[in-house]
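What follows is a short report on a single structure.
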There are 2 protein chains.
Amino acid sequence: MPRTLLERPDAVRALASVFRRRGFESSSLSVIQQEAGIGRGSLYHFFPDGKTDMARAVLDQVSDWFEDEVFVPLRSATDAAEAVSAMTKAVADYFVSRENVCLFAAMTLGEEKETFAAEVKAYFVDWVDALAALLQRGGLTPEDAHENALDAVAMIQGGLIITRAYGDESTFLGVMERVERRLLAQLS
Amino acid sequence: MPRTLLERPDAVRALASVFRRRGFESSSLSVIQQEAGIGRGSLYHFFPDGKTDMARAVLDQVSDWFEDEVFVPLRSATDAAEAVSAMTKAVADYFVSRENVCLFAAMTLGEEKETFAAEVKAYFVDWVDALAALLQRGGLTPEDAHENALDAVAMIQGGLIITRAYGDESTFLGVMERVERRLLAQLS
DNA sequence: GTCTATAAAGCGATAGAC
DNA sequence: GTCTATCGCTTTATAGAC
C-alpha cells in the first residue's frame, strides 16, 4: 500500500530543502529518498526525466516565488523607498528560512550550469532590472539605477556566502540592513 | 616510460583549473585525468588520500596566494587609499584570470562543506579583518571599518556570481571599480 | 501512485609492473 | 614517478507487481 499520497508541489518543496542542505550533485537518489521521504517510484512518477527534471521543478518554484513576492511588487510600486524596504524584508525572511542558500547562485557552478544557464541569467536579470527601474522612478539616472541595483543584488548574494562561511545568521541580517540603508540613501 | 615528470605545485595548479571549470563534485577522476593531463598513478602518488587531498592542496595554494598578495599588503600598508586600490586591482586580475570562480566560496555548498568549514571561515575572516584593520587605520570607527570591509568582500563574491550568470566579464570589472570607489569614499 | 528488485554505467581507490 | 588493470561500491534509471 502507498505510504502517503503526494501532490507534486509538496514533492518539489521537499526536494528544494534537500538540494539546499546538500547541494544538487551530492543529493543522490538514495539520499533524496530518505531525506525527502519520497520513494524512488514516486520520484520518477513526478519527474520522469530524473534529477535534471527535479532541479528544473525546484528552480521553477523558486522563480515563481520571486516573481510574485519580489519582482512584481518592485515593478508595480509607486513609493520607491517603501518598495525597497519591502524587498529587503521579503528577501531577508526568505533566505533566513531557507538555509541561507540561493539555488540559482548554486547553479552557476558545477555539473548542471550549462543546462540551466538561461534560467539562471533570467533570474538575475529580472531582479536587477526590476530594482533598477524602481530606482529610476525614484529619481536616479538610468546608469546609477542599474549600477546600484546590481551592487545590491551582488551584496545580498555575497552576504549569503560569507554568512554560510561564518556560520552566523546575524551576519546576513546585518548585510540586508545595510543594503536597505544604502538604497534608501540613494533615493533621498 | 613516464609521459612527463611533474612537480606537485604544477599538479595543484592543473587541479585548481579543473575544479574551477567543473566544480569539485563533478570532477571525476577520469575527467581530472583527461583535463589536467595527469595519470591516475601520478594523482595518487601526489595526493595519497585521493580527491579530498587534492581539494585541500588546491585550497592551500589559493590561501597562500591571498595571504601573500592581498592580506599581508593590507596589514602592512601605511597609505590606506593606496592599499585599497592595490587590493581591488590584485583581486580583479586574480578572478578574471581564473574563470570568475572563488573556490573557497564554492566550498560553502555541497558535499565537502563540513570537511573544509574551518579553512573557508579562516579565508573570509582573514580577508575581512585585514581590510577592516586598514580602514580603521584610515580613520573609520571599528564598527564602520568592519561593516565596510564585510560589505566589500560580499560585493566581490556576489559580483562573481552575477558575472557568471550574465556570462559577461565586464560586469565583474564594473563591480570591482565601484568596490574601490566606495571604500575610497569612506577614507576621505 | 507507490513499491522493490535490478540493470548498466561510472565512481574512487588500489595493486603491481615498469 | 607513471602506467594499466581491476576491485568493490554507488550511481541513475527502468521494469513490473500491487
Side-chain angles (χ1 to χ4, degrees), chain A residues 1-19 21-59 61 103 106-107 109-116, chain B residues 1-19 21-59 61 103 106-107 109-116:
Chain A
M1 78 200 88
R3 183 122 50 125
T4 328
L5 284 176
L6 222 55
E7 305 278 339
R8 206 183 114 111
D10 299 327
V12 175
R13 253 182 296 277
L15 286 174
S17 168
V18 177
F19 290 160
R21 274 181 289 111
R22 321 205 32 147
F24 177 69
E25 330 206 11
S26 50
S27 297
S28 71
L29 289 191
S30 318
V31 161
I32 294 172
Q33 209 173 334
Q34 286 164 9
E35 302 193 0
I38 309 172
R40 198 158 293 224
S42 307
L43 286 170
Y44 277 92
H45 169 73
F46 287 126
F47 312 100
D49 291 343
K51 273 189 77 175
T52 305
D53 227 1
M54 300 177 205
R56 169 153 281 124
V58 166
L59 291 181
Q61 189 185 264
L103 286 169
M107 286 296 177
L109 291 169
E111 191 179 28
E112 303 284 272
K113 74 177 157 197
E114 283 93 1
T115 313
F116 298 116
Chain B
M1 78 200 86
R3 182 120 54 121
T4 327
L5 284 176
L6 220 55
E7 306 277 340
R8 207 183 113 111
D10 299 327
V12 175
R13 253 183 296 278
L15 286 174
S17 168
V18 177
F19 289 159
R21 273 180 290 112
R22 319 204 36 146
F24 177 70
E25 332 206 11
S26 49
S27 298
S28 70
L29 288 191
S30 318
V31 160
I32 294 172
Q33 210 173 334
Q34 287 164 8
E35 302 194 359
I38 308 173
R40 201 161 287 226
S42 307
L43 286 171
Y44 277 91
H45 170 72
F46 287 126
F47 311 100
D49 291 343
K51 273 187 80 176
T52 305
D53 227 1
M54 301 178 204
R56 170 153 279 125
V58 166
L59 290 181
Q61 190 186 265
L103 286 170
M107 285 297 175
L109 292 168
E111 190 179 30
E112 303 284 272
K113 74 177 156 196
E114 283 93 1
T115 312
F116 297 116

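In the text below, chain A, chain B and the rest are named by the order of the sequence lines, each starting its count at 1.
Looking at heavy atoms from C-beta onward, R22(B) lies out of side-chain contact with E111(A) at the 4.5 angstrom threshold. Two residues are said to be in side-chain contact when any heavy atoms from C-beta on lie closer than 4.5 Å; V18(A) and L15(A) fail this criterion. The closest side-chain heavy-atom distance from D49(A) to Y44(A) is not below 4.5 Å.
Note: CG (D10(A)) to P (dT2(C)) measures 11 Å, nearest angstrom. Rounding to whole angstrom units, NZ of residue K51(A) and P of dT10(D) are separated by 16 Å. Here the P atom of nucleotide dC3(D) and the CD1 atom of I38(B) are 10 Å apart, to the nearest Å. What separates CD of Q33(A) from C1' of dT10(D) is a distance of 14 Å, to the nearest Å. Computed from coordinates, the F24(A) CZ to dT11(D) P distance equals 14 Å when rounded to whole Å. Atom CD1 of I32(B) is separated from atom P of dG12(C) by 7 Å (rounded to the nearest Å). Y44(B) places its OH atom 19 Å from the C1' atom of dA17(C), with the value rounded to the nearest Å. At whole-Å resolution of the value, CZ in F47(A) and C1' in dT14(D) are 18 Å apart.
Comparing dT4(D), dT2(D), dT2(C) by their nearest atom to the side chain of H45(A) picks out dT2(C). Residue S42(B) has its side chain nearest to dT2(D) when only dT12(D), dT2(D), dC3(C) are considered. Distances were taken from every side-chain heavy atom of S28(A) (C-beta onward) to each of dT11(D), dT2(D), dA13(D); the shortest belongs to dT11(D). Candidate nucleotides dA13(C), dT2(C), dT2(D) were compared by shortest atom distance to the side chain of L29(B), and dA13(C) ranks first.
Of the possible donor and acceptor atoms, one in the side chain of S27(A) sits under 3.5 Å from a partner among the backbone N and O of G23(A). Side-chain atoms of K113(B) come within 3.5 Å of backbone N or O of R21(A) as a donor-acceptor pair.
The side chain of S30(A) places no N or O atom within less than 4.0 Å of a non-bridging phosphate oxygen (OP1 or OP2) of dT10(D).
Comparing F46(A) and R40(B), the nucleotide of DNA chain C nearest to each residue sits closer to the 5' end for F46(A).
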